[in-house]
Amino acid sequence: MGRRKAKLRTRSKSVTLERASLQDVDEVDQETHEASTQDVQPAVRVTRGPSKYLDIWGLPDEEEIELELNSEHQPVDDGVRTFTGFLGTIARKPHMYPIRYLNWKDTPEENKKECWRLVERKYCVPVNPIAYAALKRFTLQKIGKAWTDHKSRLKKQHYIPDSRNKARVKSNRPKGCISQDWDILVDHWYTDEAVIESEKNKERRSKQDDVHTAGFCSFAVHATKKAKTDGCPVERSVLYPILHTRKNGSIVNPVVAAKIDKMKELLADPSNHLRSSDTTGSIAWARDDVFAKVLGKERKGRIRGVGFGPSLSGRSSNSALIDIETHSSQARHNEVAQLKATLATMEDKLAGFDEMKEKLSQFEEIEQRMAQMLQQMQHISSQCNKDIPLAQQSPAL
């Protein structure tokens with residue numbers, strides 16, 4: 001089997017080090033069985049299945065993999081494909097993300113937190129709160145998409161139209177799926193609502209003409225390569241032709257070709273270029289840039305042409321940052337309460353010290369009075385002894 005591998009930068013959690021290369025492909029490599037001389041059946045295609053990324057799952061606890069981010073906090077280095085592939089293995093774990101849930105939002109929050117803790121153990125996450133929040137949201141969104149794609153593949157491979165085939169589909173449970181979860185998913189496939197929604201989605205898909213050719217590499221990775229090659233920032237109207245042109249140089253369809261020609265015509269005017277100095281791989285964009293003039297204004301949701309993660313409202317980082325700030329605020333509140341309790345205890349002790357100090361001053365005053373009385377008594381005794389013979393004098397006090 002042919003395998004494409006990329007070197008991942010790993011480091012010890014105490015000392016930086018280089019780790020061996022990890023498997024970087026999730027695609028299906030195909031090979032053909034040789035027909036036996038006595039077997040006249042046609043050759044059968046055999047696939048090895050999806051990558052399991054055992055090197056990452058078995059990574060020692062004292063090591064972690066480095067992950068380079070651009071200014072939009074999107075992974076951009078050579079290990080991005082391995083990172084997203086590893087997230088795909090998490091999404092396919094039946095105990096972590098069961099397929100019985102019909103929507104990503106219905107999955108338990110505790111499962112999402114556990115997956116993020118797992119990623120933190122394997123990868124070097126940024127310390128900056130904004131970058132940390134953005135990467136966390138990017139990771140969970142990627143897992144959610146991989147989970148949805150996994151369910152779509154299961155339906156494509158096992159679903160048979162007509163409700164009379166439901167029992168047959170249930171009996172053909174794929175390997176790795178929990179029996180109860182599989183039955184719930186199959187029952188949903190054959191509901192009237194699911195059938196109608198599936199037909200609508202097919203119709204919507206057939207009307208799409210803006211199909212990219214980026215392949216397994218993300219838009220951010222393509223932008224990073226372009227920025228390194230040209231040495232200047234990349235805006236989405238410049239990246240658009242690259243992502244919609246095949247290897248042989250042909251554009252995907254005439255509709256996209258017309259859009260590319262319009263963009264090139266507008267980019268010929270230097271005043272239409274965006275002013276940016278970012279060469280980290282982030283894709284520059286604006287509400288009134290060339291891309292928006294050709295394809296129309298942005299709508300709610302993710303920003304077109306900039307890759308997975310950034311959104312029009314900044315939700316890719318701000319929402320996760322709010323969660324962190326909430327936890328930080330609660331932690332600060334608890335810390336303040338603890339400090340107040342400590343201060344109250346110290347004040348009580350200080351009040352006890354003040355009381356002891358007052359009593360000590362009283363003792364010193366009593367001691368001074370006793371000393372004065374003693375002196376007076378000695379003085380009186382000496383006066384009395386002057387008038388008495390020496391043999392009859394009392395001893396000194």
Using a 4.5 Å cut-off on heavy atoms from C-beta on, say whether the side chain of [Y] contacts that of [X].
{"X": "Tyr132", "Y": "Val127", "value": "no"}
{"X": "Glu199", "Y": "Lys202", "value": "yes"}
{"X": "Leu339", "Y": "Leu343", "value": "no"}
{"X": "Met263", "Y": "Leu295", "value": "yes"}
{"X": "Trp189", "Y": "Val195", "value": "no"}

CD (Glu203) with more than 12 external heavy atoms under 6.0 Å: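 No - once you tally the heavy atoms of other residues, nucleotides and ligands closer than 6.0 Å, there are 12 at most.
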Would Arg153 and Asp149 pass as an ion pair if we require N to O under 4.0 Å?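 Not counted as a salt bridge, because no side-chain N and carboxylate O are separated by less than 4.0 Å.
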To the nearest 0.5 Å, what is the distance between NZ on Lys122 and CG on Leu59?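 Atom-to-atom, Lys122:NZ and Leu59:CG are 5.5 Å apart.
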Nearest-0.5 Å distance, CZ of residue Arg121 to CD1 of residue Ile65: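 Reported to 0.5 Å precision, the distance equals 13.0 Å.
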Quick check on the 6.0 Å ring-centre criterion: do Phe219 and His212 meet it?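 Phe219 vs His212: aromatic centres under 6.0 Å.
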Cationic tip of Lys112 above Trp147 ring, under 6.0 Å, 45° of axis: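 Cation-pi check for Lys112 and Trp147: fails.
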Do Val125 and Ile90 land in one hydrophobic cluster if side-chain heavy atoms of ILVMFWY residues count as linked below 4.5 Å?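 Val125 clusters together with Ile90.
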Single hit among Asn172, Val169, Asn165, Asp181 for side chain to side chain contact (heavy atoms under 4.5 Å, CB included) with Val186: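 Among Asn172, Val169, Asn165, Asp181, the one meeting side chain to side chain contact (heavy atoms under 4.5 Å, CB included) with Val186 is Val169.
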